[in-house]
Amino acid sequence: MTEILQISTNSLQVPGEDKSASASPPGSPSPSRNECSIAPLTPSPSPRTEVRPRVARPFSVVVAIDFGTTSSGYAFSFTEDAETIHMMRRWEGGDPGVANQKSPTCLLLTPDLRFHSFGFAARDSYHDLDPEEARHWLYFDKFKMKIHSTSDLTMETELESVSGRRVRAIEVFAHALMFFREHAIKEVKDQSSSELKDSEVRWVITVPAVWRQPAKQFMREAAYLAGLVSPDSPDQLLIALEPEAASIYCRKLRLHQVIDLSQRSLTNGLDLDGSRPFDSSFRQAREQLRKARHSRTFLVESGTGELWSEMQTGDRYIVADCGGGTVDLTVHQIEQPQGTLKELYKASGGPYGAVGVDLAFEAMLCQIFGADFIETFKAKRPAAWVDLTIAFEARKRTAAPGRASSLNISLPFSFIDFYKRHRGQSVETALRRSNMNFIKWSSQGMLRLTAEAMNELFQPTINSIIKHIESLVQKEEVKGVRFLFLVGGFAESPMLQRAAQNTLGRNCRIIIPHDVGLTILKGAVLFGLDPTVVRVRRCPLTYGVGVLNRFVNGRHPRDKLLLKDGREWCTDILDRFVSIDQSVALGEVVRRSYTPARIGQKKIIINIYCSDTDDITYITDPGVRKCGAITLDLLESGVAAVVSVAENGKGPAFERREIRTTMQFGDTEIKVTAVDVITGRLVRASIDFLSN
C-alpha cells in the first residue's frame, strides 16, 4: 500500500485531530529507538459506543472498604436486600466525641515485620510500649498520603515508620486490607442465612479521584496480595472514586438527612441569637445518629431522594470530598428519570485535607521548640510523639469560629522532661522566648491555644480548599451549579463550614449529609451493587502511543526523519487514544490493531504516554511522559508460532497477523482486552502503570 491509512471515524476520536498523523500503515518499519517492537495496523471499524450486556454475576454480597488517610472502615449489603447497608461493628477503644464508626488508619508491625494490630488497637499497643522497645517496632500512621505524593510509584516503593525503619509500601497496605478482609468476612458470614463462598463476594476499595492510574493499580495489587480476590478474577474487585461514591449516595438523600447551610441565618459563625455555635446542628445530628446505630443498618431509597425533586434536567452539582489527606471534587449532572450520573468536568483537587492542619501544628511546635529538637524527640520518643498528635487531633475537632475559650492540648510528660534535659530550660521558658503571644502555658502541663492560634492553623488549608472550589465554579462546564455537597471527615469542621458558606453560599446551596463521615462508604456499597450508575466520565489526562507516519516536508521536523527501505518516515508521533477532559461513556472503547514484527515473537509491548495537556504532537514534547505499557502475550494464544507457505513456493514466510486491542477509558480504571482476528482466540492482554 502506498497511501497512509486513516483512523476509522467510528473509533473514539478527538474532534479536529490530524488523522493523517494517527497511525502507521502496514509494513511500517520499527525505528531502533522504539522499544515496542511492533508494527501498528489500522483499527478495524467499530461503533463509538459498545453497549455491554448486563451479565448476571454470582455475587451475593458487596463489601466496600473506605481506605482513608486518617480513618478507614467497611460496610456491606446483600444483593437480595440491596436497600439495606450494614455498617461495620464498633471497635474497641475510640476517641470521645467522634461520631462515626471508622477506625484510625494506623498499623503496627512487630520488630520482625509481622502484623500485630490495626486501628485503635495498634495505636493503644504502641502507646503502651516502653520507649526503648518502641524504637524497634514499626508504627505507620496516615500512610495513604505517600501514595498520592510519590511521582514514581512502583511495587518497590517504601514507607518509613514513625521509628524510622522502612518496609515496602505494598506490604503495609496489604496488611491493612487483610485486616479488613478478615473482619468483614466474619461479620458477613455471621449475618448470612447460607454458606458463602469467596467467589460470591464483590469487593470495592475507595481511592481519591485525583489519584492517577499507577496509584489505582497499586491498590489493586495490594488487594491481590491481601487475598481479597485472585488476579484471575479482576472483575470481583472494583476501584471506586471517593467523591463519585459520595455523589452516588447523595442521590438517595431525603431532606431530613441533610443540613442545608443556606437555610441557616448566621452572623460571624453564630446563630442570630449569638449564643449557639455554628456546629450545634451537627451535635444534634450526631446524637440522632448514635440513637439510630444500635442495629448498625441504614436504609436507602430505591429511587432518588426527595432532595432531587427540586432539580431540573441539566442542573449541575459539585461534591467536595474533604478528607484527611486530600480534597477531591467532582461535578455531576443527574439524568432523570433513570437516576444515572454524568461527569461534567474532570476530577480535581489536591493535598488540602485535614492533615494540613496537623502539619501546621507541627510547624508551630518547631517554631517554638526548634525543628532539630522536634525531629530528635520524634526519633527518640516515637510513641510519645504519637500521643501528642492524638491529643491535638481530639482538640482540633472541637475548634469552631466564634469560640472565645482557649483549646488546651496536653503535652506528654516525656516531652516536657526530654526538652528540659535536651535544652537545659523549661517548656514555659521556650514559649516565652518564642514571642508567640496567642499560645500560653498552663501549670497543668498544657498548651493553651487561643482562637487566634487555631485560626492560624486552619486558615492555610481552608483557604486552599475554598480557592480551588472558586476556581472550579468559574469553568464554563461548571457554571450554574445549584448544589455543593460537603462530605468527608473534614467537612464536619465548623471552621470549614463557616468559610464555605461565607464565600460560596451566595451562588449555590451548601448541603452536608448528617452522616458526613460515612457518606463515601455507603456510596461505595451502592457502586458495587450497580457499577453502571455513572454513565459518563471525563478523562483526567491525554493518553496515547508513539507511532510512525509518512514524513511530510514542511510539516514534520527534520530531526524526526527516519529513512528505511528507501522510504521517509516521521517517528515519535503521538497516536491519541483519548484527550484530557474528553467525555467518555461507559462501554465506549478505543480500538487499535497491531501485528508481531518478526516470526516467533512472544510478546508485543506497547508503551503508553500521557500528558496533562492536549496541545501535543510528539511523544517527545514537553510534559509528555511514559506512564505505562500494554503487554500482549502471543505465546499463550499460539499467534507466535503461525507460519504460512508463500505463494511463489520459495519456502515458509511469516503470515501477517492482526491483534485487535480494545481499551476502555470510561470506567474508574483503564482496561484492555485483545483478540487474534484470524483465529478469534483471546490474546492475554495486560496494562501496567507500575513498572516504569
Considering only NZ, NE, NH1 and NH2 on the basic side and carboxylate oxygens on the acidic side, decide whether [X] and [Y] come within less than 4.0 Å.
{"X": "K146", "Y": "E158", "value": "no"}
{"X": "K602", "Y": "D633", "value": "no"}
{"X": "R660", "Y": "D676", "value": "no"}
{"X": "E343", "Y": "R316", "value": "no"}

For the [atom1] atom of [X] and the [atom2] atom of [Y], what is their distance to the nearest 0.5 Å?
{"X": "T661", "Y": "I606", "atom1": "OG1", "atom2": "CD1", "result": "5.0 Å"}
{"X": "N549", "Y": "R555", "atom1": "CG", "atom2": "CZ", "result": "8.0 Å"}
{"X": "R558", "Y": "E568", "atom1": "CZ", "atom2": "CD", "result": "6.0 Å"}
{"X": "Y352", "Y": "D328", "atom1": "OH", "atom2": "CG", "result": "11.0 Å"}
{"X": "I580", "Y": "R576", "atom1": "CD1", "atom2": "CZ", "result": "11.5 Å"}
{"X": "M145", "Y": "L159", "atom1": "CE", "atom2": "CG", "result": "12.5 Å"}

Would you mind reporting whether [Y] and [X] have side-chain heavy atoms less than 4.5 Å apart?
{"X": "E335", "Y": "R535", "value": "yes"}
{"X": "V584", "Y": "V578", "value": "yes"}
{"X": "Y317", "Y": "L341", "value": "yes"}
{"X": "V204", "Y": "F527", "value": "yes"}
{"X": "L484", "Y": "I511", "value": "no"}
{"X": "R537", "Y": "K346", "value": "no"}
{"X": "E242", "Y": "D66", "value": "yes"}
{"X": "T617", "Y": "L574", "value": "no"}

Derivation and outcome, side chain to side chain contact (heavy atoms under 4.5 Å, CB included), residues L241 and V207: CA-CA 5 Å; L241 309 182; V207 302; 4.0 Å; yes
What's the shortest heavy-atom distance between [X] and [Y], and which atoms?
{"X": "M219", "Y": "L177", "answer": "O-CD1, 4.3 Å"}
{"X": "G546", "Y": "I619", "answer": "CA-CG2, 3.8 Å"}
{"X": "I248", "Y": "R251", "answer": "O-NE, 3.0 Å"}
{"X": "G68", "Y": "K144", "answer": "C-CD, 3.7 Å"}
{"X": "A222", "Y": "I170", "answer": "N-CD1, 3.5 Å"}
{"X": "I630", "Y": "V672", "answer": "CG2-CG2, 4.1 Å"}

With no hydrogens and no angle check, do the side chains of [X] and [Y] hold a donor and an acceptor under 3.5 Å apart?
{"X": "S611", "Y": "T542", "answer": "no"}
{"X": "T620", "Y": "K560", "answer": "yes"}
{"X": "S593", "Y": "E658", "answer": "yes"}
{"X": "D530", "Y": "T532", "answer": "yes"}
{"X": "T157", "Y": "R168", "answer": "no"}

Mark yes or no for whether [X], through its side chain, and [Y], through its backbone, hold a donor-acceptor pair below 3.5 Å.
{"X": "S464", "Y": "P460", "result": "yes"}
{"X": "D688", "Y": "L690", "result": "yes"}
{"X": "T154", "Y": "E156", "result": "yes"}
{"X": "E362", "Y": "L359", "result": "no"}
{"X": "H556", "Y": "V552", "result": "yes"}
{"X": "Q664", "Y": "G666", "result": "no"}

Above 12 or not: heavy atoms from other molecules or residues under 6.0 Å from CG of N553? yes
The residue among Q217, R220, Q213, K216 that forms side-chain hydrogen bond (donor to acceptor under 3.5 Å, both in side chains) with E669 is R220
So K671 and I687, side chain to side chain contact (heavy atoms under 4.5 Å, CB included) or not? Walk me through it. CA-CA 7 Å; K671 299 177 182 178; I687 188 164; over 6 Å; no
Compute the ring centroids of Y609 and Y543, then answer whether they are less than 6.0 Å apart. no
Under the side chain to side chain contact (heavy atoms under 4.5 Å, CB included) criterion, do I469 and L504 qualify, and how do the steps go? CA-CA 9 Å; I469 297 176; L504 307 166; 3.7 Å; yes
Can you name the one residue among L634, V675, V677, T595 that meets side-chain contact (heavy atoms from CB on, under 4.5 Å) with I659? L634
Given side chain to side chain contact (heavy atoms under 4.5 Å, CB included), test V478 with L344 step by step and report yes or no. CA-CA 7 Å; V478 186; L344 299 179; 5.8 Å; no
Residue pair Y345, T330: steps toward the side-chain hydrogen bond (donor to acceptor under 3.5 Å, both in side chains) verdict: CA-CA 7 Å; Y345 190 76; T330 191; over 6 Å; no
Take S72 and T105 through the test side-chain hydrogen bond (donor to acceptor under 3.5 Å, both in side chains) and record every step on the way to the result. CA-CA 6 Å; S72 301; T105 307; 2.6 Å; yes
Identify, with sequence neighbours excluded, every residue that meets ring-ring contact (aromatic ring centres under 6.0 Å, His included) alongside F173. F67, F143, F218
